[in-house]
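Chain letters run A, B, ... following the sequence lines, proteins first, then strands; residues in each count from 1.
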Amino acid sequence: MKGRRALLLDPRVRFATLVGPGALFIVLFLLIPLLSIVVFSFWRTESYELISDWNVNNYEAVLGEWIYLKFLLKSLAMAAAVSAICLVYAWPCAYLIAKHGGRYKLVLVLLTAAPFLTGILLRITAMQQILGPIGLVNMALMELGAQPIQVLMYTNIASAVGLIYLWIPFMLLAIYLSLFNFNFELLEVAKVNGARPWRAFFEVTWPLNWMGTAIGIVLVFIPTFAASVTPRFLGGPDGSMFVNRLEHQFGSAGTWALGSAMGVVMCVASLAVIFVLWRTVRLRRAGFTGAGA
Amino acid sequence: MDKTNSKSNSVPHQKRRVSRRSVLKGAAALTAAGFTWKSIGPFVRNAEAATLELRWLGWEHYNVKSLTAEFENRHDVKVSAGFFDGNSEAWNKLRAGGTQDFDLVMADGFWPRLYAKQGLVQAVDYSKLDLSNVFDDFVPPKFTLLRAEDSEDMIAAPNCWGGYGFTVNTDKVAAEDQESVNLLFNEKYEGHLSTSARFEENIALAGILAAHNMGTQDGPRPDGKSFNPYVLSDEELEECKRLLIKQKGLLVNRWNDEDTLERLLRAQVVWASPEWSGIYRRIHFDKLDGKSDLNMRHVLKPTEGGLGWVDQWSITSGVTDSEKLEIAHKWIDFRLEREAMKTVAVEIGWAPTVDVRDMLPERYVDTLFLNETGSIHGLYQFDAPSSPEKWERIWSAVEAA
């Protein structure tokens, strides 16, 4: 009995017990499938058949040929644009809720997540009803005798609008949670010391909440980069994104090896974005004390 | 006498007393036993009592619940279904071990032959099927795709048929343009055209026009066979690419679901699009019922040639048990019954390969083209692209343009 208790008190055993199940889950359901994708990406496909003929042709195609590289760059640009717009929109909203929301703070934040009470397809269909050629906006314009807005009809702009609508709650929530713990009295101190409101914002509020903002950017950037349903339904004939091309390889085209290489490139690009953002976070500057920094 | 003694005297067998802890222990043990039995129950039942299960892989719309229930009651079996969106997806599923997961698979056009070549399906015993009501146009000798390419084995049984023609708004599209594949590439209709997102059929339709324009459609083919829009030369594929890139600028969208196209056609935003004829039928029925003023037609076979399909049931090579094989044949036979085919025609709107014209209202006979079954022979059957890799590159180039 004593021996067992001693074993349980051993920090290494406790660490292994706590971390083990999670680590096993990640190894089984994330690392092994990812590893198989990496292996497939160095093979080739012929008439729907994977052939273990090791080569780097798939990577040459994805990174070297415009017909694939264009989609990678387009998706990165779309993700950056959507993240930037979400950021500009969500910051003032989150700020107002956190500072002036009073006892309705939680309700207001939850309201922003109301669209999540339905499925993504329903939300996209709703967007079609608003943005499409026979959507609310254009029908109303036509009723008033005006020309319909062409950019809202099955275009990349329509895709972007749909994506912004989908992911804004994530950005808003991340920034709000950061501001929730922010001491607004610091702004008064800055003001007392002669700082104008904008300077106080950029030198106090923004850096102290950068971690929440960075998390918000990651939460919007990655799903936008990986979005497939929204561009497919709102994007029109020119709306295909990198993930749509990737899906195509695993779907009707059956070119799994090329699709695997696209998957690996996508994973690396996503990790690179997270890494870059992580490098910009200064835990001490952000007022984070949890890591003993 | 203290309280303890008094208690022990009044209860002589104190060790057997039912304490709260023992009740909780017992309840926990019972719950655990219940959960254990619940989880392993399905695996330890008596094999003799197990119900035979028939599993089919096909298009979801063929999963007609009333038909499944009737078959299950009639034969005391359980029928379950898995679904796919296109032949290549089903092909990939079967290649990845799906012959052990599914007893029957649906396919159309040349696909059953591809399955047979790969040993994914087995022969269908026609002596177990009542084909007496099937139109001659859908069984050998007129329709040969049900037979293996290299033997006399029948590898599939017919189910439904149709084309991939164009639904055209006749008030908007000039009569002289309505019957040509060129309609889908005609600049006159810029901003009012749509196509599906299916890359194979987009390339194949462009391939028909490309070969027609290049004069290679009726000439000798590199493979020695007659023209097949799924087996295109490199020059024809280049021409397809050019046509499809030009087409991109003319399209409203590439539809992923029929609902979207139907809304656009009804709102007269889209004037012409390839589709399976179901949307045309619904709009046309509304016109007949006085609910719509739209004048639509469906061009089953364009002048340059069109795409068609006869979807079929095949039995996978994973079925080795004689009882399962028997029930698989019974399922195919059941689905070929006139009553079942009538249900399919009316409820899901696909044209049966069985003659049920006397059981259907005239409007169904007309719009399901049941008086024109012979036109299937003039349509190029759905097939696998000769080189999926080349076709993928062409499509990626079109998408990137």
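Within 6.0 Å of NZ in B:Lys117 there are 12 or fewer heavy atoms belonging to other residues, nucleotides or ligands. Around atom CG of B:Asp293, no more than 12 heavy atoms belonging to other residues, nucleotides or ligands sit under 6.0 Å away.
Your options are A:Thr45, A:Thr125, A:Ile67, and the one with the most heavy-atom pairs under 4.5 Å with chain B is A:Ile67. No other option in B:Phe84, B:Trp91, B:Trp391 has as many heavy-atom pairs under 4.5 Å with chain A as B:Trp91. With chain B as partner, the option from A:Arg245, A:Lys70, A:Arg44 having the largest number of non-hydrogen pairs under 4.5 angstrom is A:Arg245. Per-residue heavy-atom pair counts under 4.5 Å with chain B were compared for A:Ser240, A:Gly239, A:Pro237, and the maximum is reached by A:Pro237.
Pairing each heavy atom of B:Asn92 with each of A:Gly254, the nearest pair is ND2-CA, 4.2 Å.
Between B:Leu264 atom CG and A:Tyr154 atom OH the span is 4.5 Å, to the nearest 0.5 Å. Annotation: the span from A:Asp238 atom CG to B:Glu399 atom CD amounts to 8.0 Å, rounded to 0.5 Å. We find the CD-CD distance between B:Glu389 and A:Glu46 to be 6.5 Å, quoted to the nearest 0.5 Å.
Residue B:Ser194: no heavy atom, backbone or side chain, is found under 4.5 Å from chain A. Heavy atoms closer than 4.5 Å to chain B are found in the side chain of A:Phe71, but not in its backbone. Heavy atoms of A:Arg232 lying under 4.5 Å from chain B belong to its backbone as well as its side chain. Using a 4.5 Å cut-off between heavy atoms, B:Ala197 makes no contact with chain A at all. Of the two parts of B:Ser396, the backbone and the side chain both hold a non-hydrogen atom closer than 4.5 Å to a non-hydrogen atom of chain A. In this structure, chain A has a heavy atom under 4.5 Å from the side chain of B:Val269, while its backbone stays farther away. Proximity to chain B involves both the backbone and the side chain of A:Ser47, based on heavy atoms less than 4.5 angstrom apart.
Taking a cutoff of 4.0 Å between a charged side-chain nitrogen and a carboxylate oxygen, A:Glu65 and B:Arg393 qualify as a salt bridge.
Between A:His248 and B:Phe199, the angle of the ring planes goes over 60°, which puts this pair in the perpendicular group of the 30/60° scheme.
Between B:Pro385 and A:Tyr48 there is a side-chain heavy-atom pair separated by less than 4.5 Å. Contact of the B:Arg263 side chain with the A:Gln128 side chain is registered, since non-hydrogen atoms from C-beta on lie closer than 4.5 Å.
Just one residue in the list B:Glu200, B:Glu89, B:Arg198 forms a side chain to side chain contact (heavy atoms under 4.5 Å, CB included) with A:Ser252, and that residue is B:Glu200.
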Side chain to side chain contact (heavy atoms under 4.5 Å, CB included) assessment of B:Asn253 paired with A:Phe233: CA-CA 9 Å; B:Asn253 70 340; A:Phe233 283 88; over 6 Å; no

